[in-house]
Structures are given as C-alpha cells and as structure tokens.
Amino acid sequence: MYPLLFRAVLSRFDPEFAHHAGMAVIRVLGAPPFAWATRALCAPDPAHRVSTLGLIFDSPFGVAAGFDKNAVGVRGLAALGFGHVEVGTITAIPQDGNPKPRLFRLVPDRAVINRMGFNNAGADAAAKRLAKLRRRRPATIIGVNIGKSRVVEVENATADYVSSALALAPLADYLAVNVSSPNTPGLRGLQAVETLAPLLRAVKIAAGSTPLLVKIAPDLPDEEITAIAQLAVSEGLDGIIAHNTTIGREGLKTDAAVVEAAGAGGLSGAPLRERSMEVLRVVRAAVPGDFCVISVGGVETASDVQERLDAGATLVQGYTAFLYRGPLWARQINKGLR
C-alpha cells in the first residue's frame, strides 16, 4: 500500500513539505489514544533489547539525527517501534539553515541529497521540549545530536559546542557531537585529531555523566577514521557514530543531469551501504569490544540491520529509507531480526 501511495502521491510533493506533513502524522500517532494502538502494533520483541551506554534499548534499531531536528516527534517515533530517537542536529544559536530548495529525492537510487544546514530552533527551545518529554517519561531512549552554529567562527567552535552541551546534556540519554556534516562551512575540518581532541575534552566535561559519542564522515581515509576512533577511546568517550552523509556521487543510477541539478549536499540512502560496512569494520577493529559503535548509512531492511549487528555494530540507525518504506518501517525491521 505505502509504495503505491509514495509513487502516486507523495513523490509529487516537494520533499521538505512531504517530510513536514509526515512529521505531523507522526506527532498525532504519539498522542493517546493513537499511541496505544500504534505501540501495540509496532512494539519490538523484548528479545531484541540491547544494553549499552548504561541504558536499555528496546530495539537495536533507531532513528538517525536529521529526521526530528527539534524534538517534536519523539513520542510518535517511539510508538512506531524505534528503539531510540536521536534528535537534532541542534545548535546553540537558532538558525534557518540553507536556502530552499535543499532536499532532493533520487528515487532510482532510493537515496536523498540534502543541504539543510542544521535548520533548528536552537538549544534553549530544544531544552524546553526535552524537559517536557522527560516529565512525561518517554517510552524510548533520546539521544541529542549537537553541531556548530553557522554564525560562529570555526576557531570558536569549542565554546559553541560546550554551550549546547551544558543546556542539553542533562536532558539527554546520550549526547552526540556532530563534526561531520558537509553542509556547514568548515565543520568537517574539526575532524582533524589535533583539533578534535580539545573539543571533545571540553564537551565531555560539560556533558558530565551523560554518555558522549562523536559522529564522523564516511569520506575520511580509513587511517583517519582509525585515528578518530582511537582518540574517542583515549579521551574517555562512550561511543562513535559511523557515519554521516557523503559528498560522493559515485555509482548512482539516477540521471546525471538530475544529480547535477540537485547540487551540493550530503548523499544518504542505499548507495552508502557498501562504504558504511567498510567504515563499521574499520571502527570496530580500532576500539574495544564493549565500546558502543552505532552504524548508519544505507540501512533499509532487517537483513541490512542484522548484517551490521553481525559485523560488530552495537546499535543501528536509519533515516532515508523511512521515505521509501513508510511509517511501518521500524516494525518491518524489528519483525525481521533474528
């Protein structure tokens, strides 16, 4: 039913408009009595629970950052069967993001190009929403992904991240430092170990007892990925998220003119599957067995998730396939896991 709806109706709408419309439905599904019925239909099998970061995840499969930038759909996403929701990316200073259009479907590739640019209402607004969620005891783990405010110069990035961490870490089950989006000028330069080390050190102090992870890019050479993974361990972080979107465009089925017209931005979806597995193996080989590794990129089916778990991922996240699979995506994956 959903594939037909997507082809006949949803694919005709602007992607960003369709996303906001879908989020409105998800918010409704998170409110009683709809949440009770949705949860009954989509609840993960208790056998799939995962213990990591000092937390219990109902399912190893969760929503990656970028889907719910302002922490408005957490309850609905939890009801739909996701074991965790990583909200954000959130910046200390509110920002509108890049000019529209900034989100593009590559349907033949089951992929998306985005150059959203961390559009969000800011850390203070997110903190208020998260505090309200906490009072109502959300039925899922909430991760909070933080990034650099666009108006802040790269040399002042550490203070900017610390500001977000101070506001959001007390309300998060875990905190993720995003230094890997291709859509904020200069951001990926922060992945250099000599720059990243003091940044992570400062954010870890600000985060206090909240588990801290760092999210990396797939476009780094393997030796740099290894160095960042080892740095995360040596600095006492709790995990690593591998990985963000790619600036690469290799091997796409979509007409080259369509891809060129979409322009700059991060590519996500099925084309990342192979590289995502490579990055996972590189990271897993560089960190201790009990170190949390969250694998993201090119995940669509239960077999994709199972493959990541078998390769050493502690948890798995998805985002882009939600567009192509529909609201019962997490249910399909949870039902298909061993």
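- In terms of heavy atoms, A229 sits closest to A286 at CB-CB, 3.9 Å.
- Counting only heavy atoms from C-beta outward, the side chains of I216 and E224 never approach each other to under 4.5 Å.
- Taking CG of D255 as the start and CD of E260 as the end, the distance is 10.0 Å to the nearest 0.5 Å.
- Counting all heavy atoms, side chain and backbone alike, E300 lies closest to A321 at CG-CB, 3.7 Å.
- Looking at F57, F61, Y319 one by one, the single match for ring pair (Phe, Tyr, Trp, His ring centres under 6.0 Å) with F82 turns out to be F61.
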Go through F104 and V258 one step at a time and tell me if the side-chain contact (heavy atoms from CB on, under 4.5 Å) criterion holds. CA-CA 10 Å; F104 308 88; V258 174; over 6 Å; no
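- A 4.5 Å side-chain heavy-atom check between V112 and P15 finds every atom pair outside the cut-off.
- Criterion: ILVMFWY side-chain heavy atoms under 4.5 Å apart, direct or through other members. Under it, I90 and L77 are part of a common hydrophobic cluster.
- Side chains of T246 and D219: a donor on one and an acceptor on the other come within 3.5 Å.
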Apply side-chain contact (heavy atoms from CB on, under 4.5 Å) to residues V72 and R27 and explain how you reach the verdict. CA-CA 7 Å; V72 297; R27 293 177 73 172; 3.9 Å; yes
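- Side-chain contact check for V50 versus H84: every heavy-atom pair is 4.5 Å or farther apart.
- One distance of note links NE2 of H20 with CD1 of I26; it measures 12.0 Å at 0.5 Å rounding.
- Residues R134 and D173 are paired through a salt bridge, judged by an N-O separation under 4.0 Å between the basic side chain and the carboxylate.
- Residues A121 and N70 come closest through the heavy atom pair N-OD1, 2.8 Å.
- When all heavy atoms of A71 and R129 are compared, the closest pair comes out as O-CD, 3.7 Å.
- The closest side-chain heavy-atom distance from R325 to T301 is below 4.5 Å.
- I294 CD1 to L53 CG: the interatomic distance, rounded to the nearest 0.5 Å, is 6.5 Å.
- Residues V193 and V279 are members of one and the same hydrophobic cluster, defined by side-chain heavy-atom contacts under 4.5 angstrom among Ile, Leu, Val, Met, Phe, Trp and Tyr.
- Nearest heavy-atom pair, A330 versus G81, reported as atom, atom and distance to 0.1 Å: CB-C, 3.9 Å.
- Checked against V293 for a side-chain contact (heavy atoms from CB on, under 4.5 Å), the options V316, L213, L280, I241 give a single hit: L280.
- Remark: R273 CZ to R308 CZ distance equals 7.5 Å, nearest 0.5 Å.
- Counting heavy atoms from C-beta outward, N178 and L187 have side chains that approach closer than 4.5 Å.
- In this structure, H19 and F67 have perpendicular ring planes: the angle between them is above 60°, well past the 30° mark.
- Between the side chains of S268 and T320, at least one donor N or O sits under 3.5 Å from an acceptor N or O.
- Here the closest non-hydrogen pair linking N98 and R150 is OD1-NH1, 3.1 Å.
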Given the rule in the side-chain contact (heavy atoms from CB on, under 4.5 Å) test, do M116 and S181 qualify, once you have shown the distances and angles that lead to the verdict? CA-CA 10 Å; M116 303 300 289; S181 169; over 6 Å; no
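- Between I225 and D222, some side-chain heavy-atom pair lies under the 4.5 Å cut-off.
- In this structure, CG in D68 is found 9.5 Å from CD1 in I142, a value given to the nearest 0.5 Å.
- Of the charged side-chain nitrogens involved, none lies within less than 4.0 Å of a carboxylate oxygen, so that R281 and E278 do not count as a salt-bridged pair.
- E235 places no side-chain N or O within 3.5 Å of a backbone atom of L200 that could act as its donor or acceptor partner.
- For the side-chain hydrogen bond (donor to acceptor under 3.5 Å, both in side chains) criterion with N120, the lone passing option out of T91, T89, D96 is T91.
- Contact check for F291 versus V283: no side-chain heavy atoms found under the 4.5 Å cut-off.
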Take N334 and D58 through the side-chain contact (heavy atoms from CB on, under 4.5 Å) test and state the conclusion after the steps. CA-CA 10 Å; N334 289 326; D58 285 345; over 6 Å; no
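- Residues L309 and P60 are in side-chain contact: their nearest non-hydrogen atoms beyond the backbone lie under 4.5 Å apart.
- Between R110 and D304 no salt bridge is recorded (no basic side-chain N to carboxylate O distance below 4.0 Å).
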